[in-house]
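A short write-up of the structure that comes next.
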2 protein chains.
Amino acid sequence: MPHDHSHCVADALTRADALCAERGARLTTLRRRVLELVWSSHRPRGAYAILEDLSQQDGKATAPLTVYRALEFLVEQGLVHRIESLNAYVGCAAPGPTHSGQFLVCEGCGDAAEVDDPQVRAAIETAAAARGFRVQRPTVEVRGVCKACQEKHP
Amino acid sequence: MPHDHSHCVADALTRADALCAERGARLTTLRRRVLELVWSSHRPRGAYAILEDLSQQDGKATAPLTVYRALEFLVEQGLVHRIESLNAYVGCAAPGPTHSGQFLVCEGCGDAAEVDDPQVRAAIETAAAARGFRVQRPTVEVRGVCKACQEKHP
DNA sequence: GTCATGACGTTACTATATAACCTTGCCGCC
DNA sequence: GGCGGCAAGGTTATATAGTAACGTCATGAC
């Protein structure tokens with residue numbers, strides 16, 4: 001499944017522009033640059049990796065806080081998700097009504113595919129409700145091996 | 001739901017002794033102490049919190065590695081689970097055939113209740129299979145508010 | 001007893017994240 | 001246009017989390 005990644009990035013940026021405009025949120029130059037760097041692959045990227053890219057682009061050191069603040073904004077807007085089990089961030093392909101999807105994280109290639117499966121959501125909601133627990137933010141991160149990697153290493 | 005927590009701890013240690021004996025795994029003094037410290041509450045505890053306890057008990061500084069190694073062992077044996085979204089560890093109330101449960105993490109009291117819901121498991125497995133993804137280790141950590149805390153703050 | 005192995009100690013280091021405080025620049029408003 | 005307010009971003013320092021490399025000691029097999 002070869003894909004033209006520049007499309008992914010361009011699309012993500014376009015959607016982000018639209019969404020922020022619509023919401024009156026300020027997608028500043030810095031935030032947009034960080035978003036672009038998060039999207040540089042489909043692999044979750046650590047804050048410090050992004051920090052390095054940023055520093056290199058600018059030819060001078062950037063402070064961690066700069067990146068963390070931008071990421072915080074992007075996560076709030078649902079443009080980026082944090083992968084807790086990796087301490088890393090990945091672009092959201094379908095931002096919109098703020099959601100919290102599930103992630104299939106491949107041990108082979110490192111890609112994190114986002115899915116939003118209603119059954120999984122429902123099962124979690126039901127299990128929680130049965131215990132009187134009110135769900136605010138479900139986190140589902142599944143480690144395993146993606147289809148492509150299975151085919152490569154049979 | 002007041003509960004005699006010393007029971008939880010004692011039970012956990014007894015089960016751990018039995019399980020390790022059965023498996024030929026060495027639950028050394030250090031590992032047992034760390035397990036006990038993890039169990040000091042039902043809240044996930046950070047490695048460094050445990051480290052401090054340990055250092056204080058001994059009256060001298062303990063190195064992080066000491067704790068991390070013990071935790072690694074306990075996690076491998078399924079006696080303790082790591083809560084990824086908190087970088088913290090919590091005792092497993094039902095160790096045995098190695099499992100990966102789901103956690104209901106309360107924002108109020110900080111308690112992490114472990115549940116092992118077959119529906120949730122199945123839904124994740126199905127969603128992954130539909131995408132050709134082979135599941136190795138699912139992580140489910142649900143943030144929200146537990147029953148007790150809801151009743152306290154209505 | 002000897003030896004292999006695994007547990008633990010020690011030192012140093014890397015990675016991830018936040019605190020406190022200040023400066024800048026944008027925006028609405030008069 | 002200028003002014004006041006506020007959010008964004010810069011700066012410095014520090015907290016928290018996790019590993020690497022290497023040595024020593026205890027335990028059990030033989």
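- Here the OG1 atom belonging to Thr14(A) is positioned 12.0 Å from the CG atom belonging to Leu19(A), to the nearest 0.5 angstrom.
- A pairwise comparison of heavy atoms in Gly110(A) and Pro44(A) identifies O-CD, 3.2 Å as the closest pair.
- Between the Glu141(A) side chain and the Ser85(A) main chain, a donor and an acceptor come within less than 3.5 Å of each other.
- Partners of Phe133(A) by ring-ring contact (aromatic ring centres under 6.0 Å, His included), not counting sequence neighbours: none found.
- Donor-acceptor pairing under 3.5 Å is recorded for the side chains of Gln57(B) and Arg33(B).
- Protein chain A contacts DNA chain D over a range whose 5' and 3' limits, counting nucleotides with an atom under 4.0 angstrom from a non-hydrogen atom, are dA8(D) to dT12(D).
- Proximity of a side-chain donor or acceptor of Thr66(B) to a complementary backbone N or O of Thr62(B) within less than 3.5 Å is not detected.
- Contacts of Arg82(A) classified as side-chain hydrogen bond (donor to acceptor under 3.5 Å, both in side chains), with partners at least two apart in sequence or in another chain: Glu84(A), Asn87(A), Tyr89(A).
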Check nucleotides 15-18 of chain C against the protein and report each pair of N or O atoms closer than 3.5 Å, with its distance, or say if there are none.
| from | atom 1 | to | atom 2 | distance (Å) |
| --- | --- | --- | --- | --- |
| dA17(C) | OP1 | Arg82(A) | NH1 | 2.9 |
| dA17(C) | OP1 | Arg82(A) | NH2 | 2.6 |
| dA17(C) | OP2 | Tyr68(A) | OH | 2.9 |
| dA17(C) | O5' | Tyr68(A) | OH | 3.4 |
| dA17(C) | N7 | Tyr48(A) | OH | 2.5 |

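- Atoms CZ and CG, from Arg32(B) and Leu79(B) in turn, are 11.0 Å apart once rounded to the nearest 0.5 Å.
- Listed in residue order, the members of residues 25-43 of chain A having a heavy atom less than 4.0 Å from DNA chain C come to none.
- One side chain, His3(B) or His5(B), offers a donor N or O that lies under 3.5 Å from an acceptor on the other.
- Applying the salt bridge (Lys or Arg N to Asp or Glu O under 4.0 Å) criterion to Arg69(A), with sequence neighbours excluded, gives no partner residue.
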